[in-house]
A.B. asks: 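Submitted below is the structure of interest, expressed as structure tokens.
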Amino acid sequence: MSTPKTLVWTGIDYERPGKQIGFLNLEHSVTRSGYGMIRIPIGVVKNGAGPTILLMAGNHGDEYEGQIALTRFLRSVDPDEVQGRIIVLPALNLPAALAGTRISPLDDGNLNRVFPGDPRGGPTRAIAHYVSTVLFPLCDAMHDYHAGGSSMHYVRFASAFLCGRDTDRRAIGALKAFAPPLAKIWTGALDRGNAHAAAAAQGVVALGGEFGGAGDVSLEGIELIETGMRRFLAYFEVMQLPADAPPPPATRWVEVGDQSYFVYASERGVFEPLVRLGDEVTAGQAAARIHFVENPVRRPATCHFETSGLVVCRRAIGRCEPGDCLFHLATDVPTPD
Ligand SMILES: [Zn+2]
């Protein structure tokens with residue numbers, strides 16, 4: 001069976017030198033626009049021979065730091081500063097980005113769960129399919145900038161996805177170069193539907209990270225992306241570091257283990273956190289109370305941490321349902337070689 005063809009067309013020529021800013025046009029035929037297109041913004045900056053780096057944001061539409069950093073980067077970057085090629089997707093799941101939602105309002109698709117995608121599976125899967133079949137094969141490395149979305153706060157971190165292949169060492173090197181204060185190592189299935197796993201499956205060095213959350217815009221998150229991105233591009237010798245670049249911070253290395261690292265709501269109610277982001281907690285410690293405001297005589301339920309670690313994520317919405325993630329932890333790992 002032949003590979004299904006993409007439904008995306010673009011006027012961008014990936015081989016043309018210079019800076020191009022245009023669109024990936026995805027067919028979307030609806031009542032108000034029978035021959036309509038979703039116009040996903042893209043920029044390509046190319047100068048001479050060198051690696052190809054993909055920078056992307058708006059994979060989830062309600063995560064904004066990367067969207068801001070990448071649109072600013074595209075406006076300011078001078079092709080003469082580039083050696084190689086940089087492909088920039090600042091608002092990849094555009095319908096979700098315009099709606100300010102995690103998933104697409106067109107098909108309820110969560111772009112970061114449907115890679116490698118399907119051209120006939122609705123707009124979200126069609127976007128994933130184009131990135132997987134057209135862009136990843138061009139790339140040496142990618143960085144997908146996330147945040148906690150509307151429902152989670154995060155301690156900001158950048159991450160590398162390791163898959164037991166030759167690219168792992170370069171992914172560690174690239175993450176060291178990005179130099180976040182907190183660095184997370186991901187290991188996991190290549191077929192979980194995430195962009196970074198799908199990229200790694202094709203031999204692309206894949207970085208990710210959470211740079212804010214709670215549906216807010218983190219100034220510190222934007223600054224971390226902008227300074228780290230320049231160090232990341234310098235690692236691949238695609239851009240030089242500016243002479244006045246600040247020294248990178250020291251990095252703490254962590255991993256997120258199994259389900260015991262996560263605390264989930266056991267009841268429907270109002271969530272009262274009992275610890276703060278960045279706290280160190282111990283196994284058995286109370287994590288949260290869930291209050292039943294409709295019945296004041298009922299005592300709140302208490303949720304506990306199953307393991308010890310650093311609180312890197314907590315729910316950002318007061319009301320909770322059984323199964324909502326309230327917290328997750330990370331634990332220290334040695335600095336990788
Ligand atoms: Zn995300």
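Along the sequence shown, residues carry numbers from 1. As the structure lists them, so they are numbered: ligands from 1, and atoms in each ligand from 1.
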A.B. asks: Tell me, please, if E210 has any N/O/S atom, main chain or side chain, under 2.8 Å from the Zn ion (ligand 1)?
C.D. replies: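 No, since none of the N, O or S atoms of E210 sits under 2.8 Å from the Zn ion (ligand 1).
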A.B. asks: Taking the N/O/S atoms of H60 one by one, which is nearest to the Zn ion (ligand 1)?
C.D. replies: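 So the atom name we want here is ND1.
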A.B. asks: With a 3.5 Å distance limit and no angle check, can you tell me whether R314 reaches the backbone of Y154 through a side-chain donor-acceptor pair?
C.D. replies: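 No.
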A.B. asks: Looking only at N, O or S atoms, which one in H146 sits nearest to the Zn ion (ligand 1)?
C.D. replies: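 Within H146, restricted to N, O or S, the Zn ion (ligand 1) is closest to atom ND1.
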A.B. asks: Is it true that the side chains of Y261 and T331 contain a donor and an acceptor less than 3.5 Å apart?
C.D. replies: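 On atom types as modelled, these side chains qualify, holding a pair under 3.5 Å.
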A.B. asks: Name the one of V134, I42, I127 that satisfies side-chain contact (heavy atoms from CB on, under 4.5 Å) with L24?
C.D. replies: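 When side-chain contact (heavy atoms from CB on, under 4.5 Å) is applied between L24 and each of V134, I42, I127, only I42 qualifies.
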A.B. asks: CZ of R289 to SG of C303: how many Å apart, nearest 0.5 Å?
C.D. replies: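 It comes to 11.5 Å.
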